[in-house]
Amino acid sequence: MTKLYNIKNLTRHNLREWMNKKAKTKTQVQAFRADQIFYWLYQQRVGSFAEMHNLGKGMRKLLEENFWISSLKKSEKLHSRDGSIKYRLLLEDGKNIESVFMPHTSHNTVCISSQVGCGMGCDFCMTGTMGLVRNLKTSEIIDQVLAVSEDLPAGKKLRNIVFMGMGEPFHNYQNLMQALEILTDEHGFNFSQRRITVSTSGLLPKIRRFGKENIKPNLAISLNGVTDEIRSRLMPVNNAYNLEQLMKVCREFPLESRRRITFEYILIRDLTDSIEDAKGLIRLLHGLKFKINLIPYNSDPRNKYQAPSQKQARKFQKYLLDHDVVAPLRISKGQDIHGACGQLVVTEKQRSQVGEKNKTIANVMEC
Ligand code: SAH
Ligand code: SF4
């Protein structure tokens, strides 16, 4: 018997190619079928080929003989008072990842993972302590969006997707790009490229490559330090690609009009939160089209770093605003459940807690 292949690992282009090879009829007819299948998978979101009514018996049988349709089981769901929800999602091999739903007054955002764990080893990040367990498949990336969407109340939709969950997206480049293709495909999810943000710790060769792609979501870079000394201490990637090299690549990054690079900057008490650092930040980014997301450090008893005082965080932000730098301060709310930015970590104990649902907790997070 043929081993079934998960159809969600195929872009529409891949599916069309497969159909052209398999079927003996004309190319245009098969291309049209791939459009229809995508419509059923990503717009109607059906779970079986039998539900794809307009496909014809022969085609449905061919699909059933060759493919299966995946979905992710929600192993845990944590609700916050502010409406955010953290999902722990069970993968086929028993591993778990986390995705976060974040409602805003005018729109809804989902924060998704690109890897199980992360191999970049940033010193402040709990996900980093897991090391890289494995890359997510294309299907596992897009199934996160489907799993979160299906819980939305009728009439509500996701507008934004941010790749700021577990993992370094550019370390899983090919699957990331395939997922972006399906997410932005007009016959697939049809998300606007402008509503998707990919965040990287700074893998320069991949940033360059990303700049040349046809699909152009927003780029965010985790900066977190304004000198090589501090940034290398926090993020080992800086030893491979230092700040001067990073800034050169950012200056050369092709940006369409009215688009900017987002720099994420964590405020860590007595390490990155001084006015000297704010001055350094302005100097470093001078000449770029950018905005800064200031993230007060989400402290964790398992880590040595401390959150800044609220007063210092405000002072830092004010300095930037006074110098005409756009710098929203992202107030994190989820330290108690280790769910805020960069805090997504799945321990062995948590992995075995499959089945716990709908816990109400004080806070989740806002990435
Ligand atoms: N790996 C990618 C995307 C996921 S991390 C990246 O590093 O860009 C998402 C964001 O969370 C990053 O900007 C990271 O700097 C931030 N982050 C990690 N740990 C954090 C913590 N403890 N407190 C606040 N932000 C944190
Ligand atoms: Fe990985 Fe990003 Fe965490 Fe660094 S901050 S360890 S790159 S998830």
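As the structure lists them, so they are numbered: ligands from 1, and atoms in each ligand from 1. Nothing fancy with the numbering, it's 1 onward along the sequence.
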To atom 7 (O) of ligand 1, the nearest of Pro296, Ser222, Gly128, Cys111 on a heavy-atom basis is Ser222
Per-atom filter on ligand 2: closer than 4.0 angstrom to a heavy atom of Ser201 are 7 (S)
| said: Check for me whether Gly167 has a heavy atom closer than 4.0 Å to any atom of ligand 1. | reply: yes
Judged by heavy atoms only, the candidate from Met164, His171, Arg330, Met235 nearest atom 9 (C) of ligand 1 is Met164
Compute the centroid of each ring, for Tyr5 and then for Trp18, and state whether the two points are separated by less than 6.0 Å.
-> no
Note to self: Closer than 4.0 angstrom, basic N to acidic O: yes or no for Glu64 and Lys61?
What the structure shows: no
Legend entry - Donor + acceptor pair across side chains of Asn238, Asp228 (<3.5 Å): yes
Closest to atom 4 (C) of ligand 1 by heavy-atom distance, out of Gly165, Ser113, Ser201, Ser199, is Gly165
- Minimum side-chain heavy-atom gap Ser99-Leu89 below 4.5 Å: yes
Tell me if a side-chain donor or acceptor on Gln115 pairs with a main-chain N or O of Leu132 at a distance below 3.5 Å. no
Under 4.0 Å between heavy atoms, the region of Asn224 that gets near ligand 1 turns out to be side chain
**OP:** Taking the six-membered ring for Trp and the full ring for Phe, Tyr or His, determine whether the centres of Tyr305 and Phe124 are under 6.0 Å apart.
**Re:** no
Check whether any heavy atom of Cys122 sits under 4.0 Å from an atom of ligand 1. no
**Q.** Single-linkage hydrophobic cluster, 4.5 Å side-chain cutoff, Phe189 and Leu152 together
**A.** yes
For Cys118, the ligand 2 atoms with a heavy-atom partner under 4.0 Å come out as 1 (Fe), 6 (S), 7 (S), 8 (S)
Ligand 2 atoms nearer than 4.0 angstrom to some heavy atom of Gly128 are 6 (S)
#### Entry: Sub-3.5 Å N/O-N/O distance, Phe163 and ligand 1
no
- Classify the angle between the aromatic ring planes of Phe170 and Tyr173 as parallel (below 30°), tilted (30 to 60°) or perpendicular (above 60°). tilted
Checking heavy atoms under 4.0 Å, the part of Cys125 that sits near ligand 2 is side chain
Within 4.0 Å of some non-hydrogen atom of Thr200, the atoms of ligand 1 are 6 (C), 8 (O)
| Distance only, no hydrogens: is a donor on one side chain within 3.5 Å (strictly under) of an acceptor on the other, for Ser139 and Asn6? | yes
With heavy atoms and a 4.0 Å threshold, my read on which part of Ile295 contacts ligand 1 is side chain
Honestly, for Phe124 the part within reach of ligand 1 (heavy atoms, under 4.0 Å) is both
